[in-house]
Amino acid sequence: MSNRYSQSKTLFAAAQEVIPGGVNSPVRAFRGVGGSPIFVARGSGPHFWDEDGNRYIDYVLSWGPLLLGHAHPTVTAAIAEQAERGTSYGAPTRLETELAELVISLMPGLEQVRFVNSGTEATMSALRLARAYTGRSKIVKFSGCYHGHADMLLVQAGSGVATLGLPDSPGVTASTTADTLTAEFNDLDAVWALFADHGDDIAAVIVEPIAANMGFVLPENGFLQGLRDLTREHGALLVFDEVMTGFRVAPGGAQGLWGIDPDLTCLGKVIGGGLPVGAYAGKRAIMQHVAPAGPMYQAGTLSGNPLAMAAGLSTLKTAFASKHQGEPDRFTLAVQRTRELSDGMRAIGEELNIPLQVGSVGTMWGCYFLNEAGVHITSYVEAKQYADTKRFAAFFWAMAERGVYLAPSQFEAGFLSTAHGEAEIAATLAAARAALT
Ligand code: HOZ
């Protein structure tokens, strides 16, 4: 690695001495692209600067939360203002109700919300609730979908598990995953077969409505509605994991965009505006089973943390308001930029005859390098078969050299913020063209 990253390299060596693998989450370790991770010193708007002073246009944005970009003044002011009044009380605050009301008003399927501290907690709790509510034990998840690192969900998982090529995780006992059934994403027939065999035992089907932890895979026509119909027919719950898609693909998430009505929804990332947060939410009749309203126990010292609530509130309010009167809101403009980026990438692939699968919805996007022209990835099995991870790794570093930071794995999605403007998109496309020529 050149001197361009010398400080990062030194810091990584020190980190590895005291932190397993030098990172606090495996996806940060760059195992999917080789080399040392880039250590971040500071961020502002669409950019961050590394410890060597290099500036990057950031398409990771803390893996999704930073819908307004880094250190948006409204968000930092909201955090600072709240910090002056205290950072945590372990007692209810008005902010929790305000954020719950705002989230409910934006997402059509929600009636009640319980805040937790991470996406992992959200999915784990939602599934406990689904089991409590239905009195059944089995859950269905899709290969390549990642719902955090709870034991029962570390089966055929995406994200870092996919990047590292791990089978499943040691430490997860057979009994904890005995009730986890899997199917390929977009394979409704496989789900139908699971219901045929286990229909009376299935508590819930959990799905990322866009599979964004194995790259970026859209649901095929009828897949999500098919899941809705099958779960209803068999008395199981449909759980949408919108930790990534929530407030990213549309104000109402994927459920709002495509008109699907899940029973439960998991949220995280954007609703904390860059601070640790998660939430599970859904129909009142189901949420009323959560303690203390009902018997299903779930708790957390820092749940509904006031700093996170303040950051989330200011992020959502700012994103869905216009900067100038008469203009579309900031989110809508960011969607436009995202489309320009994905259209531009597709055009570069066509022009240079490089097989790419590029997609975007709202402010999320993804780009597979394909090892065969004419194929189209719709599932995890196909992602593993057709994604050219070597070519992606070379592209990742060529883009980093040119000041563009992408997720360091072919099996992750990309994000834009409302701070990414025309100039950033033009610079990114110019970098991509140069990197691929
Ligand atoms: N959902 C994130 C990646 N797809 C998780 C980030 C992490 O594991 O740190």
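Start at 1 and go down the list; that is how both ligands and their atoms are numbered. Only this structure's heavy atoms are used, side chains among them; waters, hydrogens and symmetry mates stay out.
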Exercise for review: Check each atom of ligand 1 against the heavy atoms of Trp63 and keep those under 4.0 Å away; list them by number with element.
Suggested key: 3 (C), 6 (C)
Practice item. Look only at interatomic distance and state if Asn213 has a nitrogen or oxygen under 3.5 Å from any nitrogen or oxygen of ligand 1. Key: yes
Check your understanding: Could Lys317 and Phe320 be counted as a cation-pi pair, given that NZ or CZ must be under 6.0 Å from the ring centre and within 45° of the axis?
Key -> no
Check your understanding: ligand 1 and Tyr146, any nitrogen or oxygen pair closer than 3.5 angstrom?
Key -> no
Review point. Atom 9 (O) of ligand 1: which protein heavy atom is closest, and how many Å away?
Key: Ser25 OG, 2.5 Å
Check your understanding: Quick one: are the ring centres of Phe369 and Phe395 less than 6.0 Å apart?
Key -> yes
Point to revise | Proximity winner for atom 2 (C) of ligand 1, if only heavy atoms of Lys269, Glu412, Met244, His149 are counted | key: Lys269
Check your understanding: Just by distance, with hydrogens left out, do Glu382 and Thr378 show a side-chain donor and acceptor under 3.5 Å apart?
Key -> yes
Review point. Hey, are Arg228 and Asp263 close enough for a salt bridge, meaning a charged N less than 4.0 Å from a carboxylate O?
Key: yes
Revision key, fill the gap. When distances are taken from atom 6 (C) of ligand 1, the protein heavy atom at minimum range is Val27 CG2, 3.8 Å
**Study point:** Modelled atom types, side-chain donor and acceptor of Gln7 and Thr10, under 3.5 Å
**Key:** no
